[in-house]
Amino acid sequence: MELRSWVISHVLRLEQTSSSLMRAILRMFNENSKSLGNQSSALSFKSKIDLLYDLEEIDKTYYNHLLKLMEIRNQFAHNPNATSFEELDNINPDINKYLEKNIPEEIVTDSDRETKLKAAFSELFKMAAGKLLVLEIEYTRGIEKDILKHINHQIVENIDSIWDNALTRQKEENVSTPIAYMLSGNPNQLEHFYSNFKLSMSEFTVKELEKIGGDNLKHIFKQKETTAETVEKINKKKESEK
């Protein structure tokens, strides 16, 4: 029973990682996702592996490793005769043939066969888990880059208000206007206004970051432009040309 639980828990961790990876790839932030959550309607582990392979995020080797780990999990989870790795010889000899090709070199030659097969399973798990975790980290970094792009776009779109905010700040400090700075040629005065401008831009960035979350977050990664949004852009353009 201990071995059975050990095998099942290891592959369950892989399945959970594959779900969080797919959420990162698809930019899905709904914690109650029907397809990538824990409900009965969720995609199977096999379906998620197939998607990762179709997306060319894992190659044939990792694909086969994951399928074999899943097959072993299913035997230990559903077959009462699967009481050890060696017992898999009587259920499906191909499983142990696969494992024997992946026995770690550091396993001593005089170890018993059960130990070697368990070590091979553990080695496949570490390789597969490492691959999925690296992919999740890479896609998380991609999300961070997309958020940064969004913030930069918002700064460009609102540069006038940020500039006005910096002007207001300097007026409150009772100092010269930016044009006066430039005419004076005083580098200290120019640096002072630049500091005010950077401060205004930082405040704007913080406010934009505070908006990101829940439904607002999914809008950042939306890959479509609705008809209503297109019409709104056209109307804004017409207004600006009047």
Q: Mark yes or no: Lys118 above the aromatic ring of Phe85, with NZ or CZ under 6.0 Å from the six-membered ring centre and no more than 45 degrees from the axis.
A: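 So Lys118 doesn't make the cation-pi contact.
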Any luck finding a side-chain donor-acceptor pair between [X] and [Y] under 3.5 Å?
{"X": "Ser47", "Y": "Ser44", "answer": "yes"}
{"X": "Tyr139", "Y": "Glu57", "answer": "yes"}
{"X": "Asp112", "Y": "Thr115", "answer": "yes"}
{"X": "Glu87", "Y": "Asn90", "answer": "yes"}

Output the distance between atom [atom1] ([X]) and atom [atom2] ([Y]), rounded to the nearest 0.5 Å.
{"X": "Phe204", "Y": "Ser161", "atom1": "CZ", "atom2": "OG", "value": "6.0 Å"}
{"X": "Ser200", "Y": "Ile155", "atom1": "OG", "atom2": "CD1", "value": "11.5 Å"}
{"X": "Ile95", "Y": "Lys97", "atom1": "CD1", "atom2": "NZ", "value": "11.5 Å"}
{"X": "Leu69", "Y": "Asn74", "atom1": "CG", "atom2": "CG", "value": "11.0 Å"}
{"X": "Asn158", "Y": "Asp164", "atom1": "CG", "atom2": "CG", "value": "11.0 Å"}
{"X": "Ile49", "Y": "Leu43", "atom1": "CD1", "atom2": "CG", "value": "12.0 Å"}

Quick check: do [X] and [Y] have side-chain heavy atoms less than 4.5 Å from each other?
{"X": "Asn102", "Y": "His65", "result": "yes"}
{"X": "Glu203", "Y": "Ile162", "result": "no"}
{"X": "His150", "Y": "Glu208", "result": "yes"}
{"X": "Asp50", "Y": "Tyr63", "result": "yes"}
{"X": "Ile107", "Y": "Lys116", "result": "yes"}
{"X": "Ile72", "Y": "Val11", "result": "no"}
{"X": "Asp59", "Y": "Tyr62", "result": "yes"}
{"X": "Met22", "Y": "Leu52", "result": "yes"}

Q | Check against side-chain contact (heavy atoms from CB on, under 4.5 Å), Leu88 and Phe76 | A | CA-CA 9 Å; Leu88 296 178; Phe76 277 98; 4.1 Å; yes
**Q.** Pair Asn96-Leu99, side-chain contact (heavy atoms from CB on, under 4.5 Å): steps then yes or no
**A.** CA-CA 5 Å; Asn96 282 340; Leu99 289 176; 3.6 Å; yes
Q) Salt bridge check: are Lys68 and Asp94 linked by an N-O gap of less than 4.0 Å? A)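 So Lys68 does not pair with Asp94 through a salt bridge.
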Within one Ile-Leu-Val-Met-Phe-Trp-Tyr cluster: [X] and [Y], side-chain cutoff 4.5 Å:
{"X": "Phe125", "Y": "Val134", "answer": "no"}
{"X": "Leu132", "Y": "Leu12", "answer": "no"}
{"X": "Val7", "Y": "Ile103", "answer": "no"}
{"X": "Trp163", "Y": "Ile151", "answer": "yes"}
{"X": "Leu124", "Y": "Ile91", "answer": "yes"}

(Q) Checking Glu239 against Lys236 for the salt bridge (charged side-chain N to carboxylate O under 4.0 Å, His left out) test, could you report, in this order, the C-alpha distance in whole Å, the side-chain angles of both residues, the deciding distance, and whether it holds? (A) CA-CA 5 Å; Glu239 287 294 324; Lys236 281 184 178 179; over 6 Å; no
For the pair [X] (side chain) and [Y] (backbone), establish whether a donor and an acceptor sit closer than 3.5 Å, ignoring hydrogens and angles.
{"X": "Ser122", "Y": "Ala119", "result": "no"}
{"X": "Asn64", "Y": "Lys60", "result": "yes"}
{"X": "Arg73", "Y": "Ile8", "result": "no"}
{"X": "Arg4", "Y": "Ala82", "result": "yes"}

Q.
With side-chain contact (heavy atoms from CB on, under 4.5 Å) as the criterion, how do Leu14 and Met70 come out once you've worked through the C-alpha distance, each side chain's angles and the decisive distance to 0.1 Å?
A. CA-CA 9 Å; Leu14 288 177; Met70 183 178 64; over 6 Å; no
Q: Indicate, with yes or no, if the rings of Trp6 and Phe121 have centres closer together than 6.0 Å.
A: yes
Q) Looking only at heavy atoms, which two atoms of Leu36 and Leu26 are closest? And how far apart? A)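 Minimum heavy-atom contact is CD1-CD1, 4.3 Å.
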**Q.** Minimal non-hydrogen separation, Ala128 against Leu66, with atom names
**A.**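 Nearest pair, atom of Ala128 first, then Leu66: CB-CD2, 3.7 Å.
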Q | Chi angles and distances behind the salt bridge (charged side-chain N to carboxylate O under 4.0 Å, His left out) call for Arg141, Glu138 | A | CA-CA 5 Å; Arg141 288 174 181 162; Glu138 290 174 344; 6.0 Å; no
Q: Take atom CD of Glu106 as the centre, draw a 6.0 Å sphere, and report whether it contains more than 12 heavy atoms from other residues, nucleotides or ligands.
A: yes
**Q.** Verdict with reasoning, Leu135 to Ile58, per side-chain contact (heavy atoms from CB on, under 4.5 Å)
**A.** CA-CA 9 Å; Leu135 285 170; Ile58 57 174; 4.1 Å; yes
